Amino acid sequence: MKNEDMIPCQDLVEDSNNSNNSHFQTILDQYTSRRSFIAKTTSGAMALAFAATVSGCSDDDNDSGTPDTNPTTPPDTTNPDQHAWSDLKARPNKLTFEPVRKNTQNFFSVPEGYELKVLYAVGDPINPAYPEKTDATLASGASYQFRAGDNHDGMSFFGMHPSNKNYAAKESTQGLLVLNHEYLQQAQLHTPEGPITIDGVRPEDQVLREVNAHGVSVIEISKDANTQEVKINLNSKFNRRITAATEMEIHGPARGSDLVKTIFSPDGTLTRGTFANCGNGYTPWGTYLTAEENWSGYFARQANDTRAIAKEEIALSRYGRGGSEARSSQYRWNTPVAELTGDKGLYDRWDISVKGTSALADYRNVMNTCGFIVEIDPFSANTRPVKRTALGRFAHEDCRCSNPIPGQPLAFYMGDDATGEYIYKFVSDAVWDPKDVNGGYTAGDKYMDKGTLYVAKFNDDGTGEWLELSYGKNGLTAANEIYPFAGQDDIVINLRLAADHVGATKMDRPEWVAINPENGEVYVTLTNNGNRGRAYPTDAANPRSYIDFKDSNASNSGNMNGHIIRFSENENNVKATTFAWDIFLFGAEARAASNINLSGLDDLNDFSSPDGMWFDPRGILWIQTDDGQYTDETNCMMLAALPGTVGDGRKALAASTKAEGQETFVGAKLNNDRVRRFLTGPSGCEITGVTITPDYKAIFVNVQHPGGAWPANQSERYSRLGKVPRSATVVITRKDGGAIAGEALEQATA
Ligand code: FEO
Ligand code: CA
Ligand code: CA
Ligand code: CA
């Protein structure tokens, strides 16, 4: 979700967007043609860094540089789960690629010696029966069931066994790329006619296009072992779009609950659609997890909607749909007349108002079927995805599984991205058995339907506690004074209310989670909070409140640039109820005061608003930004880092609204060998979603809501389709075919 212009109807949960961020047009105005930029870049480091941008524009030719003289050895598929999680022998001891300089150009910049290909952009067909989408032609709404959706986000690569056609974690030459489509750029999506609303009613074809442009893509890709060239296999039987209309199973404590019964599923076992899919995760058994984030704004609620059950109003308020004022659906998906499909329920379900004689006769409960982690088995193309309700319902940003250790439970760590929301974990009852690899939804049932939920409390002394969210414990009963809980189904559906009661710590918008493959330490991005220091007083875990200038405007104050917190479970056990924490990195401008730039960032690694984040199996941490604060000086970016461990730094005093400053704990300062900028995206975009092939020779990154004319201005293929900007997946390789960011290891072993 872009920080630049949050969807306004999220105001109840997203109260941080009161900063003076620039509008989209401002960024468009910054567009400079590539030709004029090359002319302006005359010398020095800037020219060097941008040379890669220019020479990297090679997505249509087959010449990807010197062929690899050491093609990859055939994959060992006898132990398919091993490499997906930990491959520390492949970790370089420092980062030596040429760092990319900050810039505001409408181009994608990668290090010298690297090149990029735009692989999969909005509207691209996943089936040869559909033509390419050009700016001049309107593709039908229904056709988007077979086209790339919008606003690409979280993403994972799953290697595929060449003959068994199932999950093979070490396979790099063929696999399934699975990625989220979070929300819409309506004006671009409906090119050339543009978005239409007549007397408050949306045309059905446009709503179908929008519904289908949400959800998840599964696409089969191949990578040439010699040239590293990546292609999409349009004829694959695995290619699939899961949309905001796809039928899904409800599993876990909410299955069959009265709280999820609707006219569509009177027994409360099914629902339709996944949407607002932000970050992601994957399981050791080879399935994909998608996180439902900003979903409540999709639902209309009429002004006269009243609930006979008083606690329903409390629940609706905590999830953005309370109060007596009419609330419209942000895209008005509840309004079309079902002329094309004849399926009125497809649209009625976006209005949660009481209309029938009971919950079985309307969609009053449908919002309770949204806001979950959804499991998708990409190798099982014809089955229903599963909503894993045991992991709770909130604005799920991301979901990451702990390092799987045979005989130990699995933990799933998750952030709730709204201002002042919480960090959670779910610990499975079942212990990990590697025989469950390729177990599909059956393995999911085993590890994700039964277990214990916790929410994090960060103490000011660098310790923390996991507070249990189970029915009957910690006051989570029918006698609860905040909300009378009826059972574990009620707790998972209204998890924020349970977490409020037990006293969880309000964080600066928890976004992605990453698990260090070396030691199991958990990293969480806290993207920013423009109200920290005011409505949210500083504490040790959210310690900064300061003024940051943007475009010479000093009105922005709070935690303007975000930070990355990390924690280590007691005795390295995922079942622990205590942990130790510190702050790995503080986002900041390099020139900021030392009590703001507490991590000592410099011009080659300074960043703002960390969001996407992932440890690859080697232990390289990839950090992505979704920023609206430093964008006067640089586009969003991705950095690489080689972290140490929790507690390797010092106690520090952060800039705060407290006169004496706010005491906190900051990790060891990393010099440029340990954290540096790997890429910048085109102006207007957010960089989000990252995955890599198991041989580390191709890294995939998503560009969400770019501005200007990107990717047409950086890709011959897309220049033929028009100039309207499109979100897209790019794949980055090294011209010499080496491992991404692996140069130091190659030099050491040469
Ligand atoms: Fe969809 Fe919190 O970003
Ligand atoms: Ca964000
Ligand atoms: Ca600034
Ligand atoms: Ca995000």
Side-chain angles (χ1 to χ4, degrees), residues 1-7 10 13-14 16-17 19-22 102 104 150-155 179-184 214 274-280 290-298 371 394-399 414-421 423 507-513 524-530 546-564 587-593 596-597 601 603 606-613 623-637 681 685-689 702 704-705 727:
M1 172 63 63
K2 57 181 164 179
N3 272 315
E4 293 277 348
D5 56 357
M6 285 289 185
I7 294 165
Q10 297 299 312
V13 287
E14 297 279 358
S16 65
N17 192 27
S19 59
N20 237 355
N21 292 345
S22 74
K102 287 172 282 192
T104 56
D150 206 347
N151 279 351
H152 300 37
D153 209 316
M155 172 168 58
L179 61 138
N180 293 344
H181 299 288
E182 190 183 20
Y183 65 111
L184 303 175
H214 280 70
T274 188
F275 56 97
N277 306 90
C278 191
N280 71 307
T290 186
E292 299 179 336
E293 189 194 20
N294 292 314
W295 39 270
S296 70
Y298 287 72
F394 46 88
H396 273 289
E397 175 75 23
D398 193 57
C399 181
M414 305 170 282
D416 183 352
D417 180 15
T419 307
E421 292 297 344
I423 294 169
M507 309 301 288
D508 286 342
R509 294 185 52 201
E511 300 247 31
W512 287 44
V513 181
V524 183
T525 47
L526 299 167
T527 197
N528 54 53
N529 179 356
Y546 56 94
I547 293 170
D548 180 71
F549 288 80
K550 182 180 178 189
D551 297 323
S552 303
N553 181 345
S555 65
N556 299 324
S557 72
N559 177 9
M560 301 313 300
N561 304 113
H563 57 286
I564 302 172
E589 297 180 7
R591 62 172 177 268
I596 297 169
N597 185 13
L601 302 180
D603 279 321
D606 63 342
F607 68 92
S608 176
S609 302
D611 188 342
M613 182 174 61
I623 302 163
Q624 303 174 314
T625 67
D626 169 19
D627 188 36
Q629 187 61 27
Y630 203 13
T631 43
D632 52 344
E633 296 184 47
T634 183
N635 296 342
C636 289
M637 63 185 69
C685 87
E686 144 185 5
I687 297 292
T688 183
N702 282 328
Q704 192 184 95
H705 58 75
S727 295

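Residue numbers count from 1 along this sequence. Indexing begins at 1, ligand by ligand and atom by atom, following the structure's order. Owing to the predicted nature of the structure, the values given are computational and were not obtained by experimental measurement. Values below: every heavy atom of this structure, side chains too, minus hydrogens, waters and symmetry copies.
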Angle subtended at the Ca ion (ligand 3) by OD2 of D548 and O of F549, to 10 degrees?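 Vertex at the Ca ion (ligand 3): approximately 80°.
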
Check Y630 against S608 and note the closest heavy-atom contact, atom names and distance.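 Here Y630 and S608 meet closest at CB-CB, 3.6 Å.
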
Quiz prompt | Nearest atoms (heavy-atom pairs only) where T525 meets D611 | solution =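 Taking T525 first and D611 second, the nearest heavy atoms are OG1-O, 2.8 Å.
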
Inset, instruction - State, yes or no, whether a side-chain contact exists between N561 and F607 at a heavy-atom distance under 4.5 Å. - result: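 The answer is no; the side chains never approach within 4.5 Å.
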
Short check: any N/O/S atom of [X] below 3.0 Å from the Ca ion (ligand 2)?
X	answer
D611	yes
D626	yes
E511	yes

So which of the N, O or S atoms of E589 lies nearest the Ca ion (ligand 3)?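 This turns out to be OE2.
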
With a cut-off of 2.8 Å, does E511 put an N/O/S atom close enough to atom 2 (Fe) of ligand 1?
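True for E511.
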
query = Rounded to 10°, how big is the angle at atom 2 (Fe) of ligand 1 from E397 OE1 to D417 OD2?
reply =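 With atom 2 (Fe) of ligand 1 as the vertex, the angle is close to 110°.
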
Going by atom types alone, do N529 and D508 pair a side-chain donor with an acceptor below 3.5 Å?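 There is such a pair (donor and acceptor under 3.5 Å, judged by atom type) between the side chains of N529 and D508.
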
Checklist entry - For K550, which of D632, T631, N556 qualifies under side chain to side chain donor-acceptor pair (under 3.5 Å)? => result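 That would be T631.
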
Salt-bridge criterion met for D606 and K102 (N-O under 4.0 Å) |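 Answer for the salt bridge query: yes.
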
Nearest to atom 2 (Fe) of ligand 1 - the N/O/S atom of E293, by atom name:
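Nearest N/O/S atom of E293: OE2.
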
